Each structure stands twice: as C-alpha cells, then as structure tokens.
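Values below: all heavy atoms of this structure, side chains included; hydrogens, waters and symmetry mates excluded. Source: prediction; values computed, not measured.
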Amino acid sequence: MERFVYTASPSRIVFGADSIDQLPAEIERLGATRALVLCTPNQREQAQAIADRLPGRIAGIFDEAAMHVPIETARKARALASELKADCALAVGGGSTIGLGKAIALESGLPIIAVPTTYAGSEATPIYGITEAGLKKTGRDARVLPRVVIYDPGLTLSLPLDLTVTSAINAMAHAAEGLYAHDGNPVISLMAEEGIRACAASLQPLRENPRDLPARSQALYGAWLCGTVLGAVSMGLHHKLCHTLGGTFDLPHAQVHTVVLPYALAYNASAAPEAMARIARALGTAEAAMGFFELARTHGAAVSLKAIGMPAAGLEHAADLAVSNQYPNPRPLEKAALRALLGRAWEGAPPQA
C-alpha cells in the first residue's frame, strides 16, 4: 500500500499563447505598484518591452542577473530594491534571473512574478541558490516561491536551438530525479513522466522549425511539470554534482545538467529500476541513461564536461565535494565510483554503471 505526503504548490499559474497580456491584471491582483524588473544584460530589450505594458507600476529595471546568482549581484539587487521601495520583483528570463528574484525575496519577502523565457523550472520551486567564494549553496524557503508564473510560449520563440535543447534536458533532469526521490509520491511520479515525455517530444519539431509555437508550448508545458517535481521532492546525485560543477568551476548551468544527467542515471540505475523504466518509457527508448545521452547528441548538445570548459585538473576536487555532505540518493555515494563517473563525463564516453 502507498504511504506518502503531498503538498500542492500555492503558485498561480497562467499558461498559454499571449498570456503575457494578463500581466497587468496579475500585478493589480497582487496590489503591487512599484515592480522591480529583473533580467540579464542580453534580455534588457525583452524586459523593457514587458515593463512598457505596466505604465505607472514599474520602479526600475535591474539588468545584471548572472549564472549561479553570485552573492555580489544579489546584494546589489537587494540594495536597489530597497532604495526604490519596490513592492514586487518581476523576473523576466530563465533560472539566473528568477534565481536573482529569489535572492531578493529570501531577505525581504518581496513577492515574485516570474515570466520564464527558458525551460529551467526555477519558477515552480521554493528552492534558491547563491554562489559565494566559489561554492553554490542551495536551500528551500517558502518566501522565494513565485506568487504568479506566466507561461507564454511566444516569449520562448527567440531562444536559440542549442539553448532550447539544453534547457529542456535541464528540465527533464528534475523529473528524472523526482522519480527516485526518497520522498516521492504517485502524483509527482505522474507529473515527472509526463514532463519528460512532453519535453522530449518537442525537440525534433523544434529542430526542424525553432519557431513552431505548438512545439514551444509543449516544451513549456513539460518544463512546468518538471519544475513542479523539482519543487515538491528531494533531488539526488545529479543535482548535487551539477551544483558542485556549476558553482565551483563556473560551468554553464543548462549545459552541465545536459552532460551529467546520463552518467548520474547510470550510477543510480541498479538501485532504482522502476524509475529507470518510467524514464525510458517517457523517452521512447530502451534504456534511461543511454536514452538521454543519445537525445543530447542527436540534437547537437555537448555530451562531455571537457567540451563545456571543465578542467581535467578539477575532477578530483569535484569528487571530494560531491561526497562531502551526504544526502538521500538511491545508491550510496562512493568516492571512487563518483571519480570514475566524472572521468567518463569529462571524456564524453557512453554512460555505464
């Protein structure tokens, strides 16, 4: 008999083509009058266009969001929010921008409206991450969960194909680990399998036409499901490795998730056979780890840590960090086995247990 605890997310989800048109009403619903718009430097123009929809309700724009939320950037954004007397953070972008909004909310409790333009999934979780002195520290806090998420697939049409692929696989990684989470439940397992299926199925149509709006909608739907999984249950080895590699060696977030996922699944395969069967079924492949490896390679993503800038000299240190703090994982963490995993991932060799 099943025994589980499930808490539904209180976020308000507004999904669909042209749903950005509902942003003024959602801002009004929150009672906000001085929103601080957050974005990366590259998304300033898109953020400005969205801010222009809210005349009289924008306190300012902070366009310095960066990968892994450096503490220095978080402090600067927090100070600006206080100086401008902002009463809401409007995060336009992917995980870096939404993560910055969370860093502000963690200290001030400022409500967040998230407008995702990638498939990262951060918008659906109460998880934050801040990098300080070369180490990325993560945690969970209800204050950082966005109050409203507006999923408009039209805002993802300009996402380059290479980032589309890695961002979608990043999303699927949340669902994959959710399927073997120690605190999982049947509802989350359904979301996880469907999220993987939807994201994976969107990639071939988008490869043929990156502006295929129904395919973009399918990818964003899958990303919402995968992000919801991330926010509801605990993550294991894969996420631990990615936070270690990303925060310590400044590797690109979605790309490191894409490279590591097949190897983390191969490591856990013998200890989580039911999860692996569900992942393979969602991908339409015979095996989970090789399924993700081939999915990435077929769609042109890097499949080695070497290709995304990981120094070979850092592998030993990464293995040490990965076992430094124990956490739930289907298979016990073994230093020698993890070092071997990282070695294969660095080379881009096919994953194996």
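Transitive grouping of hydrophobic side chains (ILVMFWY, heavy atoms separated by less than 4.5 Å) keeps Leu220 and Ile196 in distinct clusters. Tracing side-chain contacts under 4.5 Å through hydrophobic residues (I, L, V, M, F, W, Y), one never reaches Ile112 starting from Val115; they form parts of separate clusters. In the hydrophobic cluster analysis, where Ile, Leu, Val, Met, Phe, Trp and Tyr join through side-chain heavy atoms closer than 4.5 angstrom, Trp346 is grouped together with Leu245. Leu157 and Ile20 fall into different hydrophobic clusters, where Ile, Leu, Val, Met, Phe, Trp and Tyr are joined by side-chain heavy atoms under 4.5 Å apart, directly or via other members. Note: the hydrophobic cluster containing Phe292 does not contain Val256 (ILVMFWY, side chain heavy atoms under 4.5 Å, direct or indirect links).
At least one side-chain heavy atom of His182 sits less than 4.5 Å from a side-chain heavy atom of Ser234. At least one side-chain heavy atom of Asn329 sits under 4.5 Å from a side-chain heavy atom of Asn268. Within the 4.5 Å cutoff, no side-chain heavy atoms of Ile71 are placed close to those of Thr131. For the pair Val233/Glu177, no side-chain contact is recorded, criterion being any heavy-atom separation below 4.5 Å from C-beta on. At a threshold of 4.5 Å between non-hydrogen side-chain atoms, the residues Val37 and Ile50 do not count as touching. The shortest side-chain heavy-atom distance between Phe62 and Leu100 falls under the 4.5 Å cut-off. Thr258 is not listed as a side-chain neighbour of Ile308, based on a closest heavy-atom distance of 4.5 Å or more. At least one side-chain heavy atom of Leu80 sits less than 4.5 Å from a side-chain heavy atom of Leu84.
Nearest heavy-atom pair across Leu145 and Ser9 is CD2-OG, 3.8 Å. Across every non-hydrogen atom of Cys88 and Leu30, the tightest pair is SG-CD1, 4.3 Å. Residue Ala120 comes nearest to Ser167 through the heavy atom pair N-OG, 3.6 Å, listed as atom of the first residue, atom of the second, then distance. Of all heavy-atom pairs spanning Ala168 and Leu203, the tightest one is CB-CD2, 4.0 Å. When all heavy atoms of Val165 and Ala301 are compared, the closest pair comes out as CG1-CB, 4.1 Å.
At least one donor-acceptor pair closer than 3.5 Å links the side chain of Arg78 to the backbone N or O of Ala103. Proximity of a side-chain donor or acceptor of Ser189 to a complementary backbone N or O of Pro186 within less than 3.5 Å is not detected. A donor-acceptor contact shorter than 3.5 Å is absent between the side chain of Arg331 and the backbone of Ser270. Side-chain N or O atoms of Ser217 include none that pairs as donor or acceptor with a backbone N or O of Pro153 at under 3.5 Å. The closest donor-acceptor contact from the side chain of Thr244 to the backbone of Lys240 lies under 3.5 Å. In this structure a side-chain-to-backbone donor-acceptor pair under 3.5 Å is present from Thr125 to Ser122. Under a 3.5 Å cut-off, the side chain of Thr166 and the backbone N or O of Asp162 do form a donor-acceptor pair. In this structure, the side chain of Ser202 engages the main chain of Cys199 through a donor-acceptor pair within 3.5 Å. In terms of modelled atom types and a separation under 3.5 Å, the side chain of Lys306 and the main chain of Gly348 share no donor-acceptor contact. The backbone N or O of Leu206 sits nowhere less than 3.5 Å from a side-chain atom of Asp212 that would complete a donor-acceptor pair.
Separation of atoms CZ (Arg57) and OG1 (Thr33) is listed at 7.0 Å; rounding is to 0.5 Å. One distance of note links CG of Leu333 with OG of Ser324; it measures 10.0 Å at 0.5 Å rounding. The SG atom of Cys39 sits 6.5 Å away from the CD1 atom of Ile61 when rounded to the nearest 0.5 Å. If you take CG on Leu179 and CG on Leu190, they are separated by 9.5 Å, rounding to the nearest 0.5 Å. One distance of note links CG of Leu163 with NE2 of His253; it measures 12.0 Å at 0.5 Å rounding. In this structure, Ile169 CD1 and His174 NE2 are separated by 12.0 Å, a value rounded to the nearest 0.5 Å.
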- Message: For Glu107 and Arg143: C-alpha separation, side-chain torsions, deciding distance, then whether salt bridge (Lys or Arg N to Asp or Glu O under 4.0 Å) applies.
- Response: CA-CA 9 Å; Glu107 183 179 81; Arg143 290 176 297 176; over 6 Å; no
- So Leu23 and Val148, side-chain contact (heavy atoms from CB on, under 4.5 Å) or not? Walk me through it. CA-CA 10 Å; Leu23 178 59; Val148 179; over 6 Å; no
- Task: Given side-chain contact (heavy atoms from CB on, under 4.5 Å), test Arg278 with Arg281 step by step and report yes or no.
- Result: CA-CA 5 Å; Arg278 295 187 74 155; Arg281 182 169 64 197; 3.8 Å; yes
- Would you check, one step at a time, whether the test side-chain contact (heavy atoms from CB on, under 4.5 Å) holds for Cys242 with His238? CA-CA 6 Å; Cys242 290; His238 170 78; 3.4 Å; yes
- Could you go step by step and tell me if Arg344 and Glu347 meet the salt bridge (Lys or Arg N to Asp or Glu O under 4.0 Å) rule? CA-CA 5 Å; Arg344 295 186 71 80; Glu347 295 172 357; 5.8 Å; no
- Item | side-chain contact (heavy atoms from CB on, under 4.5 Å) assessment of Val260 paired with Leu342 | CA-CA 8 Å; Val260 169; Leu342 288 167; 5.7 Å; no
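Remark: Arg140 fails to qualify as a cation-pi partner of Tyr128 under the 6.0 Å distance and 45° angle criteria applied to the six-membered ring.
Qualifying side-chain hydrogen bond (donor to acceptor under 3.5 Å, both in side chains) partners for Glu123, counting only residues two or more places apart in sequence or in other chains: Tyr151. Residues meeting the side-chain hydrogen bond (donor to acceptor under 3.5 Å, both in side chains) test with Glu83, sequence neighbours left out: none.
Ring geometry for Phe15 versus Trp224: interplanar angle of 30 to 60°, hence tilted.
When only modelled atom types and interatomic distance are considered, Tyr221 and Glu194 share a side-chain donor-acceptor pair under 3.5 Å. Inspection of the Thr164 and Arg216 side chains reveals an N or O donor paired with an N or O acceptor under 3.5 Å. Remark: the Asp63 side chain and the Thr40 side chain contain no N/O donor-acceptor pair separated by less than 3.5 Å. Side-chain contact annotation: Thr117 with Gln43, donor-acceptor N/O pair under 3.5 Å present. Checking Thr248 against Lys136 by side-chain atom types alone, no donor-acceptor pair falls below 3.5 Å.
Residue Lys76 places its NZ atom among 12 or fewer non-hydrogen atoms of other residues, nucleotides or ligands, all under 6.0 Å distant. For Arg147, the CZ atom counts as loosely surrounded, since its 6.0 Å shell holds 12 or fewer non-hydrogen atoms of other residues, nucleotides or ligands.
Between Arg75 and Glu132 there is a salt bridge, since a side-chain N of the basic residue sits under 4.0 Å from a carboxylate O of the acidic one. Electrostatic pairing of Asp21 and Arg53 counts as a salt bridge here, judged by a charged N lying under 4.0 Å from a carboxylate O.
In this structure, His239 has its ring center under 6.0 Å from that of His257.
With Leu110 as the partner, the side chain to side chain contact (heavy atoms under 4.5 Å, CB included) test is satisfied by one option alone out of Ile104, Val144, Leu36: Ile104.
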